[in-house]
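Notes follow once the structure below has been shown.
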Amino acid sequence: HYGDMQFLHAMTPADQSAEQTICLIKGWARFAYDVSLGNSKLDNDFVKVAPAEIKHLFYPGARRVYDLMDYRNDASAKGIALGQILHIVQDSFSYSHVERDADGKVVKFLNYLEQKFADHKRHDRDVDEINAVLGRNLNPVAFGRELLALRARRAEPREVEVLLDRYFVLSNSSSSSQAVACNR
């Protein structure tokens with residue numbers, strides 16, 4: 001939850017825009033999805049295989065793919081990679097991570113360092129909040145079903161990005177109501 005990689009929990013440092021956070025999320029999801037398909041060898045240097053949006057996160061040679069998936073075995077890494085995507089989206093529906101409007105669009109990403117730990121933890125366990133989120137068209141369970149269906153048929157990464165575009169649309173009260181286009 002700390003520092004410049006808060007996007008792994010659908011959160012953001014204070015000086016980062018919602019658009020930048022979405023680009024980081026989408027970049028990491030592309031990387032993780034590629035790993036889940038087995039398209040990236042686990043001993044590859046992260047910087048050599050990472051999408052442009054996230055290459056800057058580590059110095060060349062500092063991290064191998066297996067460092068970021070916690071395993072050196074393909075089967076486990078594939079599952080962990082897919083789980084990372086699911087985790088980011090699941091966190092994005094927690095009231096302590098992202099403020100969303102009634103349609104489920106992103107109003108703003110929250111910063112962990114600006115919260116009290118007890119308040120942060122409470123939102124992840126509040127049954128009423130969880131049920132409210134699950135009652136929306138855009139919800140983490142629906143996302144999970146769609147992502148797993150794409151993965152089961154080994155869909156192209158572009159299809160996963162289209163799915164993410166539906167779940168990370170900025171609301172009208174934010175600076176844009178369009179899907180965010182990231183530089184590659």
Side-chain angles (χ1 to χ4, degrees), residues 1-34 46-47 50-58 68 81-126 129-147 150 157-184:
H1 290 92
Y2 296 101
D4 63 350
M5 291 182 68
Q6 287 189 52
F7 70 89
L8 291 173
H9 297 279
M11 298 187 82
T12 187
D15 62 344
Q16 187 171 283
S17 72
E19 291 88 353
Q20 289 170 312
T21 302
I22 289 171
C23 287
L24 290 167
I25 288 169
K26 287 165 62 174
W28 193 273
R30 272 198 314 282
F31 163 69
Y33 186 71
D34 198 46
F46 170 81
V47 173
E53 299 94 331
I54 61 173
K55 280 185 185 293
H56 71 280
L57 295 173
F58 300 103
L68 303 168
L82 205 55
Q84 287 179 356
I85 302 168
L86 292 167
H87 175 198
I88 293 168
V89 173
Q90 187 175 37
D91 273 359
S92 81
F93 283 92
S94 169
Y95 293 177
S96 59
H97 291 244
V98 177
E99 184 181 323
R100 288 179 178 265
D101 66 16
D103 295 324
K105 294 178 181 175
V106 173
V107 174
K108 73 177 183 176
F109 290 93
L110 304 177
N111 179 341
Y112 183 75
L113 297 176
E114 295 173 354
Q115 298 178 7
K116 292 180 181 174
F117 175 71
D119 291 340
H120 181 86
K121 194 165 96 172
R122 177 184 61 79
H123 288 295
D124 289 340
R125 295 190 174 131
D126 187 306
E129 289 179 11
I130 293 168
N131 286 334
V133 164
L134 294 177
R136 294 179 182 156
N137 287 332
L138 293 177
N139 70 69
V141 174
F143 175 87
R145 274 193 217 108
E146 290 183 72
L147 178 65
L150 291 173
R158 177 69 190 126
E159 291 182 68
V160 174
E161 189 164 342
V162 168
L163 175 62
L164 288 164
D165 284 343
R166 285 199 352 256
Y167 280 81
F168 288 102
V169 172
L170 295 173
S171 80
N172 291 333
S173 62
S174 195
S175 61
S176 170
S177 61
Q178 303 295 316
V180 174
C182 303
N183 295 331
R184 290 191 199 178

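Note that the structure is predicted; figures quoted are calculated from it, not measured.
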- Message: Nearest 0.5 angstrom please: Arg100 CZ to Lys108 NZ, how far?
- Response: 14.5 Å

- Message: As an exercise, state the distance from SG of Cys23 to CD of Gln16, rounded to the nearest 0.5 Å.
- Response: 9.5 Å

- Nearest heavy atoms of Asn139 and Leu134, plus distance in Å: ND2-O, 3.6 Å

- Message: Pair Val89, Leu164 - check side-chain contact (heavy atoms from CB on, under 4.5 Å), show working.
- Response: CA-CA 9 Å; Val89 173; Leu164 288 164; 4.1 Å; yes

- Query: Shortest non-hydrogen contact from Ala18 to Phe109?
  - Reply: O-CE1, 3.7 Å

- Is there a donor-acceptor contact under 3.5 Å from the side chain of Asp103 to the main chain of Lys105? no

- Item | Near-ring test Phe31/Phe46, centroid separation under 6.0 angstrom | yes

- Query: Judged by atom type as modelled, is there a donor-acceptor pair below 3.5 Å linking the side chain of His97 to the main-chain atoms of His9?
  - Reply: yes

- Message: Looking at every heavy atom in both Arg166 and Val169, which two are closest together, and how far apart are they?
- Response: O-CG2, 3.9 Å

- Task: To the nearest 0.5 Å, tell me how far Leu24 CG sits from Ile88 CD1.
- Result: 10.0 Å

- Which heavy atom of Glu19 sits nearest a heavy atom of Leu170, and at what distance? OE2-CD1, 3.5 Å

- Gap between atom OH of Tyr33 and atom CG of Leu150 - 0.5 Å precision: 6.0 Å

- Message: So, applying side-chain hydrogen bond (donor to acceptor under 3.5 Å, both in side chains) with Glu53, which one of Lys26, Arg30, Gln20 is it?
- Response: Arg30

- Greater than 12 external heavy atoms within 6.0 Å of Asn131's CG: yes

- Item | Nearest heavy atoms of Ala14 and Glu114, plus distance in Å | CB-OE2, 3.7 Å

- Note on the structure: When every non-hydrogen atom of Pro13 is compared with those of Asn111, the smallest separation belongs to C-ND2, 3.6 Å

- Query: What's the spacing between Ile130 CD1 and Tyr95 OH if we round to 0.5 Å?
  - Reply: 10.0 Å

- Gln6 side chain to Tyr112 main-chain N or O, any donor-acceptor pair under 3.5 Å? yes

- Do Phe168 and Thr21 pass the side-chain contact (heavy atoms from CB on, under 4.5 Å) test, and can you show the C-alpha distance, the side-chain angles, and the key distance before you say yes or no? CA-CA 10 Å; Phe168 288 102; Thr21 302; over 6 Å; no

- Between atom CD1 of Ile22 and atom OG of Ser17, what is the distance when rounded to the nearest 0.5 Å? 8.5 Å

- Where the side chain of Tyr167 meets the backbone of Phe143, is there a donor-acceptor pair that is under 3.5 Å apart? yes

